[in-house]
*Asks:* 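Have a look at the structure that comes next, please.
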Amino acid sequence: MELTLNGVKTLLSYSDIGVGDHCIVYLHGLGSDRNDFLPACSYPGFAGFRLLVMDLPGHGLSSYPTGISLTVDDLAQALHEFVTTLRLKKIHLVGHSLGGAIALRYAAQFATNLVSFTNIEGNLVSEDCGILSREIRN
């Protein structure tokens, strides 16, 4: 999917699995990619849900726009554009580390279609989304 981030076009890679009125959108942490969440998509309890797993800009197969730096608010705006483009209505956000901070900012700014938010590892500000959180998890 092509998105515009701070006026620069970039490609966002994602997997779209299953069908249903309710969508679970997974957001990975810094240094990760959508592959971290793909095993959860095979859980039988998620039958009837549409599961979306994206690579954040500069991660996995997504490009990073050249010449700019992106903030957590910019990434929340990118998530909003992603949700709007796919016309998602009933969203359950699951964010890990940096993904949790992005999901929280999305919820604060664009929460009209948000049903639930699950934060994994408790990082709610961008300063907590570094390599240290990955070291603690290991």
Side-chain angles (χ1 to χ4, degrees):
M1 169 186 299
E2 187 175 85
L3 298 178
T4 301
L5 303 174
N6 289 344
V8 179
K9 292 195 182 296
T10 188
L11 293 177
L12 184 75
S13 181
Y14 68 97
S15 297
D16 189 345
I17 302 163
V19 295
D21 291 336
H22 285 258
C23 302
I24 301 174
V25 178
Y26 296 101
L27 299 168
H28 63 79
L30 185 66
S32 300
D33 61 30
R34 68 178 173 204
N35 291 315
D36 289 352
F37 281 113
L38 283 177
C41 295
S42 63
Y43 176 67
F46 292 145
F49 285 89
R50 182 177 179 188
L51 308 170
L52 294 148
V53 188
M54 62 193 305
D55 285 333
L56 293 172
H59 295 78
L61 300 175
S62 291
S63 63
Y64 192 90
T66 57
I68 64 171
S69 295
L70 296 176
T71 66
V72 171
D73 284 334
D74 294 330
L75 295 172
Q77 179 65 42
L79 174 60
H80 176 65
E81 191 172 332
F82 176 78
V83 164
T84 301
T85 299
L86 294 176
R87 295 185 173 105
L88 306 180
K89 300 295 180 207
K90 299 174 184 171
I91 302 170
H92 304 268
L93 281 178
V94 178
H96 166 252
S97 188
L98 174 61
I102 295 165
L104 183 65
R105 294 303 302 152
Y106 175 87
Q109 296 175 32
F110 310 105
T112 58
N113 53 0
L114 188 61
V115 176
S116 69
F117 165 53
T118 302
N119 184 33
I120 302 170
E121 285 199 328
N123 294 336
L124 297 177
V125 294
S126 58
E127 292 80 17
D128 292 339
C129 300
I131 299 302
L132 180 60
S133 66
R134 266 187 100 61
E135 290 173 6
I136 291 170
R137 186 186 77 185
N138 294 331

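These values consider heavy atoms only, across backbone and side chains, with no hydrogens, waters or symmetry-generated copies.
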*Asks:* Side-chain heavy atoms nearer than 4.5 Å, only ILVMFWY residues, links allowed to pass through others: does that put V19 and L88 together?
*Replies:* no
*Asks:* Keeping the roles fixed (side chain from H80, backbone from A78), state whether a donor-acceptor pair exists under 3.5 Å.
*Replies:* no
*Asks:* Please check if the side chain of Y26 supplies one atom and the backbone of D36 the other of a donor-acceptor pair under 3.5 Å.
*Replies:* no
*Asks:* Check whether any side-chain heavy atom of L98 lies under 4.5 Å from a side-chain heavy atom of H28, and answer yes or no.
*Replies:* no
*Asks:* Rounded to the nearest 0.5 Å, what's the gap from OG on S15 to CZ on F37? Could you check?
*Replies:* 13.0 Å
*Asks:* Do S63 side-chain atoms and L11 backbone N/O form a donor-acceptor pair below 3.5 Å?
*Replies:* yes
*Asks:* So F46 and F49, would you call those rings parallel, tilted or perpendicular, with 30° and 60° as cut-offs?
*Replies:* perpendicular
*Asks:* Can V94 and I24 be said to form a side chain to side chain contact (heavy atoms under 4.5 Å, CB included), step by step?
*Replies:* CA-CA 7 Å; V94 178; I24 301 174; 3.9 Å; yes
*Asks:* Atom CD in E81, atom CD in E2: separation rounded to 0.5 Å?
*Replies:* 9.0 Å
*Asks:* Please check: side-chain N/O of T10 versus main-chain N/O of L3, any donor-acceptor pairing under 3.5 Å?
*Replies:* no
*Asks:* If you round to the nearest 0.5 Å, how far is CG of L56 from CZ of F82?
*Replies:* 10.0 Å
*Asks:* Okay, side chain of D55, backbone of R34: is any donor-acceptor separation there less than 3.5 Å?
*Replies:* yes
*Asks:* Considering non-hydrogen atoms only, spot the tightest contact between S62 and S13 and give its length.
*Replies:* OG-N, 2.7 Å
*Asks:* As an exercise, state the distance from NE2 of H22 to CD1 of I91, rounded to the nearest 0.5 Å.
*Replies:* 11.0 Å
*Asks:* Donor-acceptor pair, S42 side chain versus P39 backbone, under 3.5 Å?
*Replies:* yes
*Asks:* Report yes or no: do V115 and I120 belong to one cluster of Ile/Leu/Val/Met/Phe/Trp/Tyr joined by side chain heavy-atom distances under 4.5 Å?
*Replies:* no
*Asks:* Could you tell me if the side chain of L79 sits less than 4.5 Å from the side chain of R105, heavy atoms only?
*Replies:* no
*Asks:* Is there side-chain contact between Y14 and L86, with at least one heavy-atom pair below 4.5 Å?
*Replies:* yes
*Asks:* Is any side-chain heavy atom of L38 closer than 4.5 Å to a side-chain heavy atom of I17?
*Replies:* yes
*Asks:* Salt bridge or not for D16 and R50, using N-O below 4.0 Å?
*Replies:* yes
*Asks:* Can you tell me if Q77 and N6 form a side-chain donor-acceptor pair at under 3.5 Å?
*Replies:* no
*Asks:* Restricting to non-hydrogen atoms, name the atom on V8 and the atom on P65 that form the minimum distance, rounded to 0.1 Å.
*Replies:* CG1-CB, 3.5 Å
*Asks:* State plainly whether one hydrophobic cluster holds both L61 and L52, where clusters connect Ile, Leu, Val, Met, Phe, Trp and Tyr through side-chain heavy atoms under 4.5 angstrom apart.
*Replies:* no
*Asks:* Does I68 share a hydrophobic cluster with L12, counting links as ILVMFWY side-chain heavy atoms below 4.5 Å and allowing steps through other members?
*Replies:* yes
*Asks:* I'd like to check L104 versus N119 (side-chain heavy atoms, cut-off strictly below 4.5 Å). Are they in contact?
*Replies:* no
*Asks:* Looking at side-chain heavy atoms only, is the closest gap between V83 and F110 below 4.5 Å?
*Replies:* no
*Asks:* Kindly give the heavy-atom pair with the smallest separation between H92 and S116, and that separation in Å.
*Replies:* ND1-OG, 2.7 Å
*Asks:* Can you tell me how far the CZ atom of F117 sits from the CG atom of L27, to the nearest 0.5 Å?
*Replies:* 9.0 Å
*Asks:* Which distance, rounded to the nearest 0.5 Å, do you find between the OG1 of T71 and the CD1 of I102?
*Replies:* 9.5 Å
*Asks:* Could you check L70 against Y64 for side chain to side chain contact (heavy atoms under 4.5 Å, CB included), going step by step and ending with a plain yes or no?
*Replies:* CA-CA 9 Å; L70 296 176; Y64 192 90; 3.6 Å; yes
